[in-house]
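A short write-up of the structure that comes next.
This is a predicted model, so every value here is computed, not measured. If you read the sequence from its start, that first residue is 1, and numbering goes on from there. The analysis underlying the following values was restricted to heavy atoms, covering all of them including side chains, and did not include hydrogens, waters or symmetry mates.
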Amino acid sequence: MSAGAALAGNGDIEFAWRAAGAAGSLRIPEPVTPGPADGLWRHTCCEAFVAAVDAAGYREFNLSPSGQWATYRFTGYRERDTGWQPEAAPRIALRRRPDGFELVATISAALLPAGDAFAVALTAVTEDAAGDLAYWASAHAGPRPDFHLRDSFTLRLARP
């Protein structure tokens, strides 16, 4: 798994993931009508965590190769704001490859925390042909995978 992110001039962030392995070893969800869905992390799913630098709150974006997505706002470590309703939908593009997939997602500035500099964690859950899950992150700050740990938000993006 590899991943990257770039902040666009209009304030959107574009994320990209590439998953590769032996042909047929990775379960990739089939396309469905794009829209919000919970529990996407139970199968192959790309995720991004974005916080304004020096702020306790953050956003979580779950982006499935199926086209489904979820966006969450947290006010602190795993403290989800259940009343928050996203103002926009992420845009997801998928390219299937013989050995995996590439997923590119654009997150509107309207979905991001307020600020000019961001701390980001890029993560993914992958499901193999046997149904077993693996947890990938650009950094694992804890002894077990916990994508919400702020010390794992190691990528920095700043508006010009």
According to a 4.5 Å side-chain heavy-atom criterion applied to Ile, Leu, Val, Met, Phe, Trp and Tyr, with indirect links allowed, do [X] and [Y] form part of one hydrophobic cluster?
{"X": "Y135", "Y": "L40", "value": "no"}
{"X": "V120", "Y": "L111", "value": "yes"}
{"X": "L7", "Y": "L122", "value": "yes"}
{"X": "Y72", "Y": "V125", "value": "yes"}
{"X": "L63", "Y": "L94", "value": "yes"}

Report the distance from atom [atom1] of [X] to atom [atom2] of [Y], rounding to the nearest 0.5 Å.
{"X": "L103", "Y": "W17", "atom1": "CG", "atom2": "CH2", "result": "6.5 Å"}
{"X": "I13", "Y": "S108", "atom1": "CD1", "atom2": "OG", "result": "10.5 Å"}
{"X": "T106", "Y": "D12", "atom1": "OG1", "atom2": "CG", "result": "6.5 Å"}
{"X": "T126", "Y": "L133", "atom1": "OG1", "atom2": "CG", "result": "7.5 Å"}
{"X": "D99", "Y": "R18", "atom1": "CG", "atom2": "CZ", "result": "5.0 Å"}
{"X": "I28", "Y": "S64", "atom1": "CD1", "atom2": "OG", "result": "10.0 Å"}

Does a side-chain heavy-atom distance below 4.5 Å link [X] with [Y]?
{"X": "L112", "Y": "F61", "result": "yes"}
{"X": "T75", "Y": "W84", "result": "no"}
{"X": "F74", "Y": "F49", "result": "no"}
{"X": "L155", "Y": "S138", "result": "no"}
{"X": "P90", "Y": "I107", "result": "yes"}
{"X": "W69", "Y": "P36", "result": "yes"}
{"X": "Q68", "Y": "V32", "result": "yes"}
{"X": "F147", "Y": "S152", "result": "no"}

Closest approach of [X] and [Y], non-hydrogen atoms and distance?
{"X": "C45", "Y": "P65", "answer": "CA-CD, 4.4 Å"}
{"X": "F118", "Y": "P113", "answer": "CE2-O, 3.3 Å"}
{"X": "R159", "Y": "G11", "answer": "NH1-CA, 3.0 Å"}
{"X": "V53", "Y": "R156", "answer": "CG2-CD, 4.3 Å"}
{"X": "S66", "Y": "P29", "answer": "CB-CB, 3.8 Å"}
{"X": "G100", "Y": "L26", "answer": "CA-CD2, 4.4 Å"}

Just checking [X]: does its [atom1] atom have more than 12 heavy atoms from other residues, nucleotides or ligands closer to it than 6.0 angstrom?
{"X": "R78", "atom1": "CZ", "answer": "yes"}
{"X": "R95", "atom1": "CZ", "answer": "no"}
{"X": "N10", "atom1": "CG", "answer": "yes"}

Tell me whether the rings of Y58 and H148 are parallel (<30°), tilted (30 to 60°) or perpendicular (>60°).
perpendicular
Derivation of the side chain to side chain contact (heavy atoms under 4.5 Å, CB included) call for V50 and F153:
CA-CA 8 Å; V50 180; F153 293 32; over 6 Å; no
Step by step, work out the salt bridge (Lys or Arg N to Asp or Glu O under 4.0 Å) result for R59 and D81.
CA-CA 10 Å; R59 304 290 195 277; D81 178 354; over 6 Å; no
T44 (side chain) donor-acceptor with R27 (main chain) under 3.5 angstrom
yes
By the definition side-chain contact (heavy atoms from CB on, under 4.5 Å), identify the one residue from H140, E60, M1, E47 that meets it with T123.
E47
